[in-house]
Amino acid sequence: MASGKTATTVSAVPPPHAAIHRAVLAIPRGCVASYGEVAARAGLPGRARLVGRVLAAAGEAARLPWHRVLRANGQLAFPPDSAAFREQKRRLAAEGVILRGTRVDLGRHGWQCNLDAELWAP
DNA sequence: ACCGTGACGGTAT
DNA sequence: TATACCGCCACGG
């Protein structure tokens, strides 16, 4: 580092948001994943909150399947009376993911649910 | 620089 | 199953 710039160690870690985008894109259609799962899969264990921030910052223009990301307990992360909540619920329903009460059945729609469906299918 | 907030999560009660 | 607590950390005031 010739110039007196802040060294920052040459190898710098890959931008967190990039890995997160990749992890979200990897969630199969009709399936869901928790913020924590996405974080872990992005190589950022324990950074669930960051996933939320990144998704919010990404916005619609990013074309990410953000609706497939929910809380670890199966609930949507938005207030039930918010527009965002309704939109997410609508998008999930369009993929066959329905809310059982206030939450999604993770056992049925969890990560890689398509594989499970294949095992159970006739 | 301190502090509250939040698209969260794991554990204990 | 539901609450309570605490850890986490980027941001904004």
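Keep in mind the model is a prediction, meaning the values are calculated, not measured.
- Distance CD (A:Glu37) to C1' (B:dG10): 14 Å, rounded to an integer number of Å.
- Annotation: side chain of A:Leu76 is in contact with side chain of A:Leu99 (closest heavy-atom distance under 4.5 Å).
- When all heavy atoms of A:His109 and A:Gly30 are compared, the closest pair comes out as ND1-O, 3.6 Å.
- Following rounding to the nearest Å, A:Arg49 (CZ) and B:dG4 (P) show an atom-to-atom distance of 15 Å.
- Between A:Arg91 and A:Glu95, none of the side-chain N atoms (NZ, or NE/NH1/NH2) sits under 4.0 Å from a carboxylate O, so this pair counts as no salt bridge.
- Interatomic distance, A:His21 NE2 to A:Leu55 CG, rounded to the nearest 0.5 Å: 7.0 Å.
- A:Ala72 comes within contact range of the sugar-phosphate backbone alone, with a heavy-atom separation under 4.0 Å but no base atom that close.
- Distance CD1 (A:Ile20) to P (B:dC8): 13 Å, rounded to an integer number of Å.
- Rounded to whole Å, the distance from CG on A:Asp81 to P on B:dA7 is 13 Å.
- The side chain of A:Arg71 places an N or O atom within less than 4.0 Å of a non-bridging phosphate oxygen (OP1 or OP2) of B:dC8.
- In this structure the side chain of A:Val51 never reaches within 4.5 angstrom of the side chain of A:Leu44, judged on heavy atoms.
- The shortest side-chain heavy-atom distance between A:Pro65 and A:Leu25 falls under the 4.5 Å cut-off.
- Nucleotide B:dA7 holds its P atom 18 Å from the CZ atom of A:Arg91, rounded to whole Å.
- At the phosphate of C:dA10, OP1 or OP2 sits under 4.0 Å from a side-chain N or O atom of A:Arg47.
- In DNA chain B, runs of at least 3 consecutive Watson-Crick or G-U pairs, each pair with both distances below 3.5 Å, span B:2-6 with C:9-13, B:8-13 with C:2-7.
- Residue A:Ser34 places no side-chain N or O under 4.0 Å from the OP1 or OP2 atom of B:dC8.
- Going from atom CD of A:Gln75 over to atom C1' of C:dT3 covers 13 Å, rounded to whole Å.
- Here B:dA7 presents its C1' atom at 14 Å from CD of A:Glu87, a figure rounded to the nearest Å.
- In this model, no donor atom of one side chain and acceptor atom of the other lie less than 3.5 Å apart for A:Trp66 and A:Gln88.
- Heavy-atom distances to DNA chain C give each of A:Leu50 and A:Arg103 a nearest nucleotide, and the one nearer the 5′ end belongs to A:Arg103.
- Residue A:Arg53 contributes atom CZ, which lies 16 Å from atom P of B:dG9 at whole-angstrom precision.
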